[in-house]
Amino acid sequence: VLLCCGLANAVLFYFIINHFTNEKVAFLSSLVSTVMPSVVFVNGWIGTIADVFWFMCCCISFLLFLRSMLTYTNNYKNVFILAACLFFIFALMFKETSVVYPVIVFLYIIHQFIYNRKIFLEKKKIAISFFLICAFIVVGYLALRFEFLFPKHGGYGTSLANIPTRVLEYFIFPFLIDNTEI
């Protein structure tokens, strides 16, 4: 099941990359992102099921958002935006890592403004609204979870100081020969 979900993520990732570039680059990007040791690990271990599903929900949300930008009738735009927000909420429910999603949307807005200014200006209201809705969802989520993320007496131990160490662990994990965690 996890392998099939990982394959679905690769296909979703292909369609996202294909939006920005051609099919060959999208296929190669999807393939490389699928066979990376850290992704193979995630797709093969039941303990990382939340990673598989939060990424899937964010990909679906982003594709729905992109579709809303291509839709010309307001009724369908609203349906796509609502569905995109719903999938983003699902992603947050799977894993807190999803809080990065509004940043991805913001980077997309900046990219479109720089490279497709003429086309984007017509659609900026939708894109900025979606970004603000996602940011509001994240702020609401963090407000609800603040007590657990930043406890007064130990516990979860969220800290900005943890980021460099966790990033390093993530990238060197496949090369740790003596790792017998699994």
Requested in this report: Take Tyr141 and Glu96, measure what side-chain contact (heavy atoms from CB on, under 4.5 Å) needs, and give me the verdict at the end.
Outcome: CA-CA 9 Å; Tyr141 176 80; Glu96 289 165 347; 2.8 Å; yes

Query raised in the report: Could you give the distance from CG (Leu63) to CZ (Phe87), rounded to the nearest 0.5 Å?
Result: 10.5 Å

Query raised in the report: Which atoms form the tightest heavy-atom contact between Ala26 and Thr21, and what is the distance?
Result: N-CG2, 4.1 Å

Query - Transitive ILVMFWY side-chain link Tyr115 to Ile128, under 4.5 Å - result: yes

Query raised in the report: Does the side-chain contact (heavy atoms from CB on, under 4.5 Å) test come out yes or no for Tyr101 and Val138, once each step is laid out?
Result: CA-CA 9 Å; Tyr101 182 69; Val138 166; over 6 Å; no

Requested in this report: Determine, step by step, whether Phe80 and Lys77 satisfy the side-chain contact (heavy atoms from CB on, under 4.5 Å) criterion, reporting the C-alpha distance in whole Å, the side-chain angles of both residues, the deciding distance to 0.1 Å, and the verdict.
Outcome: CA-CA 5 Å; Phe80 285 121; Lys77 284 180 187 179; 5.9 Å; no

Report summary line: Across all chains, not counting sequence neighbours, the side-chain hydrogen bond (donor to acceptor under 3.5 Å, both in side chains) partners of Ser98 are none

Query raised in the report: In terms of hydrophobic clustering (I, L, V, M, F, W, Y; side-chain heavy atoms under 4.5 Å; direct or indirect links), are Phe53 and Leu7 co-clustered?
Result: no

Query - Flag if over 12 foreign heavy atoms under 6.0 Å of CG, Leu132 - result: yes

Query - Shared hydrophobic cluster, Val11 / Val25 (ILVMFWY, side-chain heavy atoms < 4.5 Å) - result: no

Query raised in the report: To the nearest 0.5 Å, what is the distance between CZ (Phe94) and CD1 (Ile89)?
Result: 13.5 Å

**Report entry** Minimum heavy-atom distance Ser33-Phe13, with the two atoms named
**Finding:** OG-CD2, 3.4 Å

Requested in this report: Specify the closest pair of heavy atoms between Met56 and Asn9, including all atoms of both residues, with the distance to one decimal.
Outcome: CB-OD1, 3.0 Å

**Report entry** Rounded distance (nearest 0.5 Å) linking atom SG of Cys134 with atom CZ of Phe88
**Finding:** 5.0 Å

**Report entry** Among Ile137, Val139, Leu92, the one residue meeting side-chain contact (heavy atoms from CB on, under 4.5 Å) with Val99
**Finding:** Leu92

Query raised in the report: In terms of ring plane angle, is the pair His111 and Phe20 parallel, tilted or perpendicular, where the classes change at 30° and 60°?
Result: perpendicular

**Report entry** From SG (Cys57) to CG (Leu12), nearest 0.5 Å
**Finding:** 10.0 Å

Query - Cluster check Leu64, Leu107: I/L/V/M/F/W/Y, side chain < 4.5 angstrom - result: no

Report summary line: dist Cys85:SG -> Phe136:CZ (nearest 0.5 Å) comes out at 11.5 Å

Requested in this report: Start with the C-alpha distance between Cys59 and Ile16, add both sets of side-chain angles, then the distance that settles side-chain contact (heavy atoms from CB on, under 4.5 Å), and finish with yes or no.
Outcome: CA-CA 8 Å; Cys59 284; Ile16 290 171; 3.9 Å; yes

Requested in this report: Group every Ile, Leu, Val, Met, Phe, Trp and Tyr by side-chain heavy-atom contacts under 4.5 Å, then state whether Val105 and Ile114 land in the same group.
Outcome: yes

Requested in this report: Looking only at non-hydrogen atoms, find the nearest pair between Ile109 and Ala127 and report the distance.
Outcome: CD1-O, 3.4 Å

Query raised in the report: Within a radius of less than 6.0 Å around OH of Tyr14, do more than 12 heavy atoms belonging to other residues, nucleotides or ligands occur?
Result: yes

Report summary line: The reported gap from CZ in Phe65 to CD1 in Ile133 (rounded to nearest 0.5 angstrom) is 10.5 Å

Query raised in the report: Does a side-chain heavy-atom distance below 4.5 Å link Tyr108 with His19?
Result: yes

Report task. May I ask you to test the Phe106-Pro102 pair for a side-chain heavy-atom distance under 4.5 Å? Result -> no

